[in-house]
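Only a predicted model underlies this, so the values are computations on that prediction, with no experimental measurement involved. Starting from 1, each residue takes its place in the sequence as its number.
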Amino acid sequence: MNFFIFVTMKSFEEFHTCILGNIEFLRKSRGHSLEQVGKYLGLSKTGYRKIEKGESQISLKQLHTLSLIYEVSLQKLLFENLYQEVALK
């Protein structure tokens, strides 16, 4: 794990926002609907929307499943701002 990335995060809220931004960005960039991703995770469209909006918690198991679906390491999903990296390129 890249410890430096984790240490530079300012707060739990920033860390949480990064994860939520990543899962929304990956879903949209892969052309998946809320309903499709919800089905992968055993959730309804509404249930998954609540996760992306930060209204419900996402489990580590669900994050792992998303990392497999999107073919992104769990480390990247958790600790890198994937949506900002694309904007910077």
Side-chain angles (χ1 to χ4, degrees):
M1 178 181 346
N2 190 338
F3 186 71
F4 177 76
I5 293 171
F6 184 72
V7 170
T8 60
M9 298 260 176
K10 294 180 182 162
S11 66
F12 176 78
E13 288 78 24
E14 184 176 327
F15 178 64
H16 189 245
T17 300
C18 175
I19 294 169
L20 297 180
N22 285 342
I23 63 174
E24 181 178 11
F25 168 76
L26 288 168
R27 177 183 59 78
K28 288 179 177 179
S29 68
R30 302 301 200 277
H32 294 160
S33 68
L34 289 164
E35 186 174 12
Q36 287 172 315
V37 178
K39 283 183 183 179
Y40 294 143
L41 300 177
L43 301 170
S44 66
K45 174 183 174 179
T46 303
Y48 185 69
R49 180 186 298 126
K50 286 182 178 184
I51 286 175
E52 275 194 7
K53 298 299 177 196
E55 297 169 4
S56 293
Q57 293 183 359
I58 187 167
S59 71
L60 186 55
K61 182 178 180 180
Q62 290 167 327
L63 286 167
H64 180 257
T65 300
L66 292 175
S67 75
L68 295 174
I69 292 166
Y70 298 131
E71 298 178 342
V72 168
S73 72
L74 188 55
Q75 178 180 338
K76 272 191 159 192
L77 186 63
L78 294 174
F79 299 112
E80 295 182 26
N81 291 328
L82 301 174
Y83 53 98
Q84 287 181 352
E85 286 179 14
V86 171
L88 296 174
K89 289 183 180 179

J.: Which of parallel (below 30°), tilted (30 to 60°) and perpendicular (above 60°) describes His32 and Tyr70?
T.: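 Geometry flag for Tyr70 against His32: parallel rings.
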J.: Is the shortest heavy-atom distance from the side chain of Gln62 to the side chain of Ile51 under 4.5 Å?
T.: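 Yes - at least one pair of side-chain heavy atoms lies under 4.5 Å apart.
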J.: Begin with the C-alpha distance, continue with both residues' side-chain angles, and end with the deciding distance and a verdict on side-chain contact (heavy atoms from CB on, under 4.5 Å) for Leu41 and Leu66.
T.: CA-CA 8 Å; Leu41 300 177; Leu66 292 175; 4.1 Å; yes
J.: Kindly assign one of parallel, tilted or perpendicular to the pair Phe12 and Phe15, based on the angle between their ring planes and the thresholds 30° and 60°.
T.: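 If you compare the ring of Phe12 with that of Phe15, the planes turn out tilted.
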J.: Let me confirm one number: the NZ-CG distance from Lys28 to Leu34, rounded to the nearest 0.5 Å.
T.: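 Here the rounded value is 8.5 Å.
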J.: Please report the interatomic distance CG(Leu60) to OG1(Thr65), rounded to the nearest 0.5 Å.
T.: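 Leu60 atom CG to Thr65 atom OG1 measures 9.5 Å (nearest 0.5 Å).
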J.: Test side-chain contact (heavy atoms from CB on, under 4.5 Å) on Tyr48 and Ile23; report intermediate values, then the result.
T.: CA-CA 11 Å; Tyr48 185 69; Ile23 63 174; 3.8 Å; yes
J.: Quick one: pull up SG in Cys18 and CD in Glu80 and give me the separation to the nearest 0.5 Å.
T.: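 It comes to 8.5 Å.
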J.: Which salt bridge (charged side-chain N to carboxylate O under 4.0 Å, His left out) pairs, counting each pair once, include a residue from residues 46-70, with sequence neighbours left out?
T.: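 As it turns out, the salt bridge (charged side-chain N to carboxylate O under 4.0 Å, His left out) pairs with a partner in residues 46-70, which skip direct neighbours, are Arg27-Glu52.
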J.: Nearest heavy-atom pair of Ser73 and Ser67: which atoms, and what distance?
T.: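 Looks like C-CB, 4.2 Å.
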J.: Using atom types as modelled and distance alone, determine if a side-chain donor or acceptor of Asn22 lies under 3.5 Å from a backbone N or O of Leu77.
T.: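 Yes, because the side chain of Asn22 sits within donor-acceptor range (under 3.5 Å) of the backbone of Leu77.
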J.: For residues His64 and Leu74, report the shortest heavy-atom separation together with the two atoms involved.
T.: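 Taking every non-hydrogen atom into account, N-CD1, 4.1 Å.
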J.: For residues Leu82 and Leu68: do they belong to one hydrophobic cluster (side chain heavy atoms under 4.5 Å, members Ile, Leu, Val, Met, Phe, Trp, Tyr)?
T.: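 Shared cluster, no.
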